[in-house]
Amino acid sequence: MFCVQLRPWLQPGARVCAVTQQSIHKLASLQKATTLPPKKMQGLLYPFSRLEGYLDRSVDKTQFQLFHPSLEDMVEAEKLFCPSPSHKIDFYVSAERMDHVPALKQPEVCFIGRSNVGKSSLIKALFSLTPEVEVRVSKTPGHTKKMNFFKVGKAFTMVDMPGYGHNAPKDFVDMVEPYLYTRKNLVRTFLLVDGSVGLQKADRIALEMCEETRCPYVMVVTKIDKCGQGTLLANLLSLQDVVKTQTTSCFPQPFLISSLHFEGIYFLRCFIAHVTGRIRVKDTCQS
Ligand SMILES: Nc1nc2c(ncn2[C@@H]2O[C@H](COP(=O)(O)OP(=O)(O)OP(=O)(O)O)[C@@H](O)[C@H]2O)c(=O)[nH]1
Ligand SMILES: [Mg+2]
């Protein structure tokens, strides 16, 4: 659980981030988040904590907390998302076909999901400490048409994928499937589902594809700011049931995200740093 007494660790003098704060979203950094009242901060850092009280006693909560980084872990991870002259964070290249995909050695994570589910917005929020990195988002489904590669120094690459479903690019399958099946340096796929509607038919197909690739993947529940707690909880529990009973390569703990309000963003930065081998989060099972 979050310890408020860790706060002094973040007081002036602590090396949190060297970028100027001017054009950066007010909640982009942990430093700002930790100035909020404790309950609000807890919800931002650990979004599941908001739902915990509503869970029936019979529900096994440990499954929702397998990955449970400390504040220090999150601070450590955040440094990776702060650019410096020796650690450049930037858009690298777009690819429409597998033979356009760059050959890279560093670990890679990618984001897939239905069009409009919030993939690009999530990447934008993760990169909010580098606002000059352009990640295009749109309310029109099917906006991202290519696989967009973003380099985080020499640490890892993040790939924003086109969405499936409504207005997906015609060559979606030819583009994304070979990538998921053959990309050697892919360490995690994040499969995004909308918190208001839960797992849809198209998501089940994506989930089956992820299972077939046998690469580890993680479910991310998006836009949690938009849905009521009852709806979110119901969708989360049914999603977790599917993960538990029908998958073998999926991490049992779904992550909750609001790219607009920054809930879960620090948490996800930490998970990415962990799975790409940049930090080691203690007491973490099966991640
Ligand atoms: N309320 C709310 N809206 C969000 C959130 N994330 C994304 N959106 C909105 O959802 C819409 C789609 O966001 P994108 O990030 O472009 O979605 P995408 O998954 O990249 O979509 P495609 O590129 O079309 O596949 C935009 O209008 C975003 O502002 C969120 O966390 N909360
Ligand atoms: Mg997009």
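None of the values given here were measured: they were computed from a predicted structure. Whatever order the structure lists them in is the order used to number ligands and atoms, beginning at 1. These values consider heavy atoms only, across backbone and side chains, with no hydrogens, waters or symmetry-generated copies.
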Around [atom], find the nearest protein heavy atom and jot down its residue, atom name and distance.
atom                    : value
atom 15 (O) of ligand 1 : Ser121 OG, 2.5 Å
atom 25 (O) of ligand 1 : Lys119 NZ, 2.8 Å
atom 22 (P) of ligand 1 : Asn116 N, 3.6 Å
atom 1 (N) of ligand 1  : Asp225 OD2, 2.8 Å

Using a 4.0 Å cutoff against the non-hydrogen atoms of [X], which atoms of ligand 1 qualify?
X      : answer
Lys139 : 26 (C), 27 (O)
Gly163 : 25 (O)
Pro141 : 24 (O)

Part of [X] within contact of ligand 1 (heavy atoms, under 4.0 Å):
X      : value
Ser258 : both
Lys223 : both
Ser138 : backbone

Proximity of Phe255 and Phe271 rings by center, below 6.0 Å: yes
Centroid separation Phe150 to Tyr92 less than 6.0 Å: no
Test item: Ile89 and Leu80 side chains (from C-beta on) under 4.5 Å apart, heavy atoms: no
Any Ser94 side-chain heavy atom under 4.5 Å of Phe149 side chain: no
Under 30°, 30 to 60°, or over 60°: which ring-plane class applies to [X] and [Y], parallel, tilted or perpendicular?
X      : Y      : result
Phe190 : Phe111 : parallel
Phe267 : Tyr46  : perpendicular
Tyr266 : Phe262 : tilted

Polar contacts were defined as any N/O atom of the residue lying under 3.5 Å from an N/O atom of the ligand; does this apply to [X] and ligand 1?
X      : result
Arg136 : no
Ser259 : yes
Val117 : yes

Does atom [atom1] of [X] have more than 12 heavy-atom neighbours from other groups under 6.0 Å away?
X      : atom1 : result
Tyr181 : OH    : yes
Lys61  : NZ    : yes
Lys146 : NZ    : no

Quiz item: cation-pi between Arg269 and Phe81, 6.0 Å / 45°: yes
Minimum non-hydrogen distance to atom 23 (O) of ligand 1, winning option of Thr144, Leu122, Thr222, Ile257: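 Looking at heavy atoms only, the winner is Thr144.
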Shortest heavy-atom approach to atom 24 (O) of ligand 1 - which of Ser196, Gly142, Gly118: Gly142
Number of protein N, O or S atoms [distance to the Mg ion (ligand 2) under 2.8 Å]: 2
Exercise: identify the closest heavy-atom pair between Asp73 and Arg280: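 Here Asp73 and Arg280 meet closest at OD1-O, 4.4 Å.
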Donor-acceptor side-chain pairing of Ser120 and Asp160 below 3.5 angstrom: yes
